[in-house]
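Below is one structure, written out as structure tokens, with a few remarks after it.
Whatever order the structure lists ligands and atoms in, that order sets their numbers, starting from 1.
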Amino acid sequence: MEPSANDKNCEDYEIIRWFEEVAENAGFVQTRILGRILEVNFGVEYLKKWMGDIRIQEMEPSSLESLYTTLVPLASHADLEPYIHRIADGDTSSLLTQEPITTLSLSSGTTEGRQKYVPFTCHSSQTTLQIFRLAAAYRSMVYPIRAGGRILEFIYSSKQFKTKGGLTAGTATTHYFASEEFKIKQKKTKSFTCSPDEVISSGDYKQSTYCHLLLGLVFSDQVEFITSTFAYSMVQAFTVLEEIWIDICRDIREGILSSRITLPKMRKAVLKIISPNISLASRIEEKCKELEVLNWFSLIPKLWPNAKYVYSIMTGSMQPYLKKLRHFAGDLPIVSADYGSTESWIGVNVDPSFPPDDVTFAVIPTFSYFEFIPLYRQNPDYSSTIDDFIESEPVPLSQVKLGQQYEVVLTTFTGLYRYRLGDVVEVAGFYKKTPKLNFICRRKLILTVNIDKNTEKDLQVVVERGSQLLSRTRAELVDFTSHADIANQPGHYIIYWEIKGEVEDRILGECCREMDASFVDHGYVVSRRTNSIGPLELRIVEKGTFKKILECFIGNGGAMSQFKTPRCTSNQVLLRILNACTIKRFHSTAYG
Ligand code: AMP
């Protein structure tokens, strides 16, 4: 029997109560969680290497915590990679976990040019289900939705493949969408995705996007909210809708499926759902004609009149898509989704009504054991080319301080021990006794020629300032990336822009100058003044260039759901695409 809306309220209440309790006792819970991780993975090769044969079962949890952080060093992915490789190659001995690892996930980024694998276990799917249910409970307190409704989800699985040792590999979202937990989530939250599995897992993101849109419109009156993992996929999908709505309306009118859908399984599954609906097709057609005149402003509430909100990760590297998402969402609330990584989920958004710019993530202390490396901005005159921060000793979750920035360190149930995630966060407050984190940026510097140090966040701010000048025109920035060119002397920054609409060269020249002048990093400013870094270059690439980059990522086994445009690249394949597609170049006149 289907549970009623009342049962759902009860379940929401229960999961929130559970979280309040663990948050209230966050320090204690963390110590217990570490004890549990070490207990279930006692004797694995990696831990033995650092902790020897210490009988942890006989230790007090708090003594074990301090012993662990004293004996086991902080690790990067490169330190764990030899173990993960052995697992991928079929070594079944207990290397990182006692439970055999049968699945590996592809995390974003690479280690020395190789794709980064991390272990995936049923714990990963269980925590995904748990955070989704928790986040849904908080959302439903502010934006209640009708039980039994639909969700328009722009979600995509990549192809799963086998490693040399026969393990299943793919992105974490792919594993999750294929898991039992994904089906349970739909039942538990009583909201069903519009698209069948065949659409989510087709492996062809263009065909999947078409069908997501088609089915989303077929069920348009039932759609309660619209979502994607990262905001990029949603913006991408609605941009596609601007071009294909006529075909979609024809399919709805006649109950057929466009010949652009060639995958037999997907065709069959979608055709089973749709049937001719002349009045719906005419209504959508009418609205799309109106929207076209309005440059598709407020597209979402117009086409999905019962949607209560839009939900996706909009922070960090997704911030540049926020403006476009707001344009599509009109007055509809946009709710920023939770904070996590392939390695572990981290925090939940407990304030869904906050605008994405103010969103924080309350750390869930049962998911992993979290440590935080305090980070301090360097004295501007101190020139290290490695990083922009100096760090002090890691502290446990219970000792983080308000306003302090930290790098996140994880010890997980999946066999990562004191693993540096590489994300910089700031403690913005507390929920009971667990910290609420603000995501700041990836720690790694992305733009550096010599003594200059700029992070993704610095680049984002600069591009935002430069592109503000486009508001005088009817053009908009579609996407951007950058490259520190050190092949020619003096080295200089190149920023690539894809623009929609026409802009005079004079204005683009001003945008270029504005960006150059907006980097505030002391090393950059000094180097520009002395010309040890040359003038910033703005390269305009032709329409569709960033789609080619996305296709390149997907061609390498990535999934649309997890795609994040690289904000800086030295990857030769991407640079070749960018340079071949460059149609205009501008050099900054800032600094004379
Ligand atoms: P992946 O390794 O592909 O799973 O991506 C995980 C990374 O995405 C994290 O380490 C963060 O850098 C970023 N990320 C995930 N969630 C958020 C969020 N809510 N806000 C900002 N960045 C996020």
Side-chain angles (χ1 to χ4, degrees), residues 76-77 84 104-111 115-120 124-125 127-128 131-132 134-135 155-158 169-177 227-234 311-322 325 334-352 354-364 367-368 370 405-410 412 414 416 419-426 428 436-444 446 455-457 460 550 553-554 556-568:
S76 66
H77 189 269
I84 297 177
L104 291 174
S105 296
L106 287 166
S107 167
S108 57
T110 56
T111 297
Q115 278 194 299
K116 243 164 74 174
Y117 283 121
V118 295
F120 182 97
S124 321
S125 290
T127 51
T128 304
I131 194 169
F132 281 6
L134 182 60
I155 49 178
Y156 307 81
S157 294
S158 64
T171 55
T173 43
T174 301
H175 301 323
Y176 174 66
F177 297 141
T227 184
S228 63
T229 312
F230 287 99
Y232 172 84
S233 337
M234 212 182 321
Y311 178 60
S312 191
I313 292 177
M314 301 164 190
T315 34
S317 61
M318 292 298 125
Q319 220 176 350
Y321 307 110
L322 195 52
L325 193 60
I334 51 176
V335 183
S336 202
D338 311 297
Y339 172 35
S341 64
T342 301
E343 289 83 348
S344 170
W345 278 104
I346 298 166
V348 59
N349 176 3
V350 293
D351 308 296
F354 284 16
D357 317 85
D358 298 334
V359 77
T360 59
F361 308 101
V363 177
I364 301 177
F367 281 3
S368 289
F370 300 97
Q405 292 196 350
Y406 298 93
E407 179 183 345
V408 178
V409 175
L410 303 168
T412 69
T414 57
L416 306 176
Y419 174 97
R420 302 176 79 129
L421 187 60
D423 284 350
V424 180
V425 296
E426 186 175 293
K436 282 164 100 178
L437 307 176
N438 220 322
F439 180 88
I440 304 293
C441 59
R442 297 285 300 168
R443 176 158 180 189
K444 213 175 108 215
I446 61 164
T455 62
E456 178 168 340
K457 180 83 185 172
Q460 239 176 52
L550 165 69
F553 167 83
I554 288 174
N556 287 331
M560 175 72 169
S561 281
Q562 260 171 269
F563 179 69
K564 305 169 203 75
T565 299
R567 294 297 174 210
C568 180

Checklist entry - Which of the atoms of ligand 1 are close to Lys564, meaning less than 4.0 Å from one of its heavy atoms? => result 1 (P), 3 (O), 5 (O), 8 (O)
Checklist entry - Has ligand 1 got any nitrogen or oxygen that is less than 3.5 angstrom from a nitrogen or oxygen of Glu343? => result no
Checklist entry - Residues two or more places apart in sequence or in another chain: which of them pass side-chain hydrogen bond (donor to acceptor under 3.5 Å, both in side chains) with Ser157? => result none
Checklist entry - What's the verdict on side chain to side chain contact (heavy atoms under 4.5 Å, CB included) for Leu410 and Phe370, showing C-alpha distance, side-chain angles and the deciding distance? => result CA-CA 5 Å; Leu410 303 168; Phe370 300 97; 3.5 Å; yes
Next on the checklist: Between His175 and Ala169 (side chain of the first, backbone of the second, donor and acceptor by atom type, cut-off under 3.5 Å), is there such a pair?
Outcome noted: no
Checklist outcome for this item: Going by the 4.0 angstrom heavy-atom rule, the piece of Ala337 near ligand 1 is backbone
Checklist entry - Are Tyr339 and Asn438 linked by a side-chain donor-acceptor pair shorter than 3.5 Å? => result no
Next on the checklist: If the cut-off is 4.0 Å to any non-hydrogen atom of Arg442, which atoms of ligand 1 fall inside it?
Outcome noted: 10 (O), 12 (O)
Checklist entry - Just which atoms of ligand 1 are under 4.0 Å from any heavy atom in Gly316? => result 21 (C)
Next on the checklist: Can you confirm whether the side chains of Tyr176 and Ser561 place a donor and an acceptor under 3.5 Å from each other?
Outcome noted: no
Checklist entry - Does ligand 1 have an atom that lies less than 4.0 angstrom from a heavy atom of Met314? => result no
Checklist outcome for this item: Under 4.0 Å between heavy atoms, the region of Met318 that gets near ligand 1 turns out to be neither
Checklist outcome for this item: The answer for which part of Phe439 has a heavy atom under 4.0 Å from ligand 1 is side chain
Next on the checklist: Aromatic contact between Phe439 and Phe361, with the criterion being ring centroids under 6.0 Å apart: yes or no?
Outcome noted: no
Checklist entry - Looking only at heavy atoms, is any part of Thr342 under 4.0 Å from ligand 1, and if so is it the side chain, the backbone, or both, or is it neither? => result both
Next on the checklist: Would you say Ser368 and Thr412 are linked by a side-chain donor-acceptor pair, where the criterion is simply a distance under 3.5 Å?
Outcome noted: no
Checklist outcome for this item: Numbered in order shown, the ligand 1 atoms found under 4.0 Å of a heavy atom of Ser107 are 2 (O)
Item to check | Ligand-side contact atoms (ligand 1) for residue partner Phe361, heavy atom cut-off under 4.0 Å | outcome: 19 (N)
Checklist entry - Are any of the N/O atoms in Asp338 less than 3.5 Å from those in ligand 1? => result yes
Next on the checklist: Measuring from non-hydrogen atoms of Gly340 to any atom of ligand 1, is the shortest distance under 4.0 Å?
Outcome noted: yes
Checklist entry - Which atoms of ligand 1 are found less than 4.0 Å from any heavy atom of Ser341? => result 4 (O), 6 (C), 10 (O)
Checklist entry - Which part of Thr315 is near ligand 1, with near meaning a heavy atom under 4.0 Å away: side chain, backbone, both or neither? => result both
Checklist entry - Taking atom types as modelled, is there a side-chain donor on Glu343 or Ser107 under 3.5 Å from an acceptor on the other? => result yes
Checklist entry - Does the pair Ile155 and Phe177 meet the rule for a side chain to side chain contact (heavy atoms under 4.5 Å, CB included), with working shown? => result CA-CA 9 Å; Ile155 49 178; Phe177 297 141; 3.5 Å; yes
Next on the checklist: Are the side chains of Ser341 and Asp423 in contact, using a 4.5 Å heavy-atom criterion?
Outcome noted: no
